[in-house]
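Everything below concerns the one structure shown next.
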Amino acid sequence: MLDALATEEDLAARGITVENDEDLMVETFLDEASAAVRAAAGVPISETTSTVVLAGTCERHLRLPGQPVREVTAAAIDGDTIDDWKLTADGMLWRRTGWQPSCEPASVTVTQKHGLPEVPTDIVGMVCSMVAMALRMVRSSTDGTGAAPVP
């Protein structure tokens with residue numbers, strides 16, 4: 001699981017207070033808001049290492065998911081490790097002979113470090129705003145049901 005895109009310290013920096021008995025709830029809200037933002041973005045945002053499996057093609061360039069790709073540590077075609085590739089400045093893998101060794105379909109497995117080394121400030125702010133709204137809903141009723149789904 002990826003770390004949340006914001007922290008309790010980020011909330012505090014924006015004047016959002018967290019009471020002692022709210023720590024677990026706020027951690028959950030941070031995780032949920034981060035997952036929603038990542039799903040909307042379609043990429044992990046924060047830096048992570050992933051292994052992906054892609055369809056090989058005859059093309060020399062292989063587009064990698066999860067941009068920006070910062071480093072590739074391994075590549076294989078149909079399980080056979082290859083090292084005759086180069087990571088290009090635009091985050092694609094280049095290989096002189098392409099990514100499909102014959103006329104048959106091929107699977108390319110790539111291990112890559114991708115995402116941003118630091119979460120952008122606007123993303124941190126968005127996650128904090130989402131958590132603040134959730135906290136406001138919970139605090140809006142004395143019995144704590146402010147954020148509970150309507151039956």
Side-chain angles (χ1 to χ4, degrees), residues 1-102 104-139 147 149:
M1 182 169 161
L2 296 171
D3 290 338
L5 296 171
T7 64
E8 281 194 36
E9 291 78 24
D10 295 320
L11 293 169
R14 288 161 176 79
I16 303 165
T17 58
V18 177
E19 303 299 326
N20 290 337
D21 62 339
E22 295 176 330
D23 286 336
L24 180 59
M25 179 176 54
V26 167
E27 183 180 321
T28 300
F29 289 159
L30 285 166
D31 288 340
E32 291 171 343
S34 297
V37 169
R38 284 184 173 111
V43 294
I45 298 172
S46 51
E47 189 173 80
T48 189
T49 299
S50 301
T51 298
V52 296
V53 179
L54 308 164
T57 69
C58 295
E59 301 293 323
R60 290 182 179 183
H61 286 89
L62 182 66
R63 183 169 305 281
L64 299 173
Q67 296 292 328
V69 174
R70 305 173 53 73
E71 179 183 11
V72 171
T73 57
I77 298 176
D78 291 334
D80 296 327
T81 301
I82 56 168
D83 59 8
D84 59 343
W85 49 265
K86 180 179 180 178
L87 180 63
T88 63
D90 56 358
M92 297 199 309
L93 275 187
W94 176 89
R95 185 171 188 247
R96 181 180 310 278
T97 57
W99 297 93
Q100 187 175 344
S102 68
E104 294 182 15
S107 285
V108 179
T109 304
V110 176
T111 301
Q112 62 185 18
K113 183 188 285 187
H114 57 113
L116 302 172
E118 285 188 34
V119 179
T121 305
D122 59 335
I123 300 291
V124 173
M126 185 182 339
V127 169
C128 288
S129 294
M130 293 168 74
V131 171
M133 287 186 286
L135 275 173
R136 185 174 183 181
M137 288 175 59
V138 168
R139 292 172 179 167

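Excluded from the calculations below are hydrogen atoms, water molecules and symmetry mates; all remaining heavy atoms, backbone and side chain alike, are included. In this text, all values refer to a predicted model and were calculated from it rather than measured experimentally.
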Please test Leu93 against Leu64 for side-chain contact (heavy atoms from CB on, under 4.5 Å), starting from the C-alpha separation and ending with a verdict. CA-CA 7 Å; Leu93 275 187; Leu64 299 173; 3.8 Å; yes
Quick one, Thr28 with Asp31, criterion side-chain hydrogen bond (donor to acceptor under 3.5 Å, both in side chains). Give me CA distance, side-chain angles, the key distance, then yes/no. CA-CA 5 Å; Thr28 300; Asp31 288 340; 5.8 Å; no
Heavy atoms only: give me the nearest [X]-[Y] pair and the separation to one decimal.
X      : Y     : result
Ile77  : Gly98 : CD1-O, 4.5 Å
Ala76  : Gly79 : CB-C, 4.1 Å
Gly125 : Arg14 : CA-NE, 3.7 Å
Ile45  : Ala41 : CD1-CB, 4.1 Å

Show your reasoning for whether side-chain contact (heavy atoms from CB on, under 4.5 Å) applies to Asp23 and Glu8. CA-CA 9 Å; Asp23 286 336; Glu8 281 194 36; 3.3 Å; yes
Kindly compute the distance separating [atom1] ([X]) from [atom2] ([Y]), expressed to the nearest 0.5 Å.
X      : Y      : atom1 : atom2 : result
Glu22  : Leu11  : CD    : CG    : 10.5 Å
Ser34  : Asp3   : OG    : CG    : 9.0 Å
Leu87  : Lys113 : CG    : NZ    : 12.5 Å
Thr48  : Leu2   : OG1   : CG    : 5.0 Å
Glu59  : Trp94  : CD    : CH2   : 13.5 Å
Ile123 : Met126 : CD1   : CE    : 4.0 Å

Counting only N and O atoms by type, is there a donor-acceptor contact under 3.5 Å from the side chain of [X] to the main-chain atoms of [Y]?
X      : Y      : result
Asp78  : Ser107 : yes
Arg38  : Pro44  : yes
Glu19  : Asp21  : no
His114 : Gln67  : no
Ser50  : Val52  : no
Gln100 : Glu104 : yes
Trp99  : Arg60  : yes
Ser46  : Val119 : no

Quick one, [X] and [Y] - any side-chain contact, counting heavy atoms below 4.5 Å?
X      : Y      : answer
Pro68  : Val43  : no
Arg70  : Gln112 : no
Ile16  : Leu135 : yes
Leu62  : Met92  : no
Val53  : Val108 : no
Pro101 : Asp80  : no

Lys/Arg N to Asp/Glu carboxylate O, Arg96 vs Asp84, below 4.0 Å: no
Check the pair Glu118, Glu47 against side-chain contact (heavy atoms from CB on, under 4.5 Å), reporting the backbone distance first and the verdict last. CA-CA 8 Å; Glu118 285 188 34; Glu47 189 173 80; over 6 Å; no
If you apply the rule side-chain hydrogen bond (donor to acceptor under 3.5 Å, both in side chains), what do you find for Thr73 with Thr111, and how did you get there? CA-CA 6 Å; Thr73 57; Thr111 301; 4.7 Å; no
Please step through side-chain contact (heavy atoms from CB on, under 4.5 Å) for the pair Glu71 and Thr49, ending with a clear verdict. CA-CA 9 Å; Glu71 179 183 11; Thr49 299; over 6 Å; no
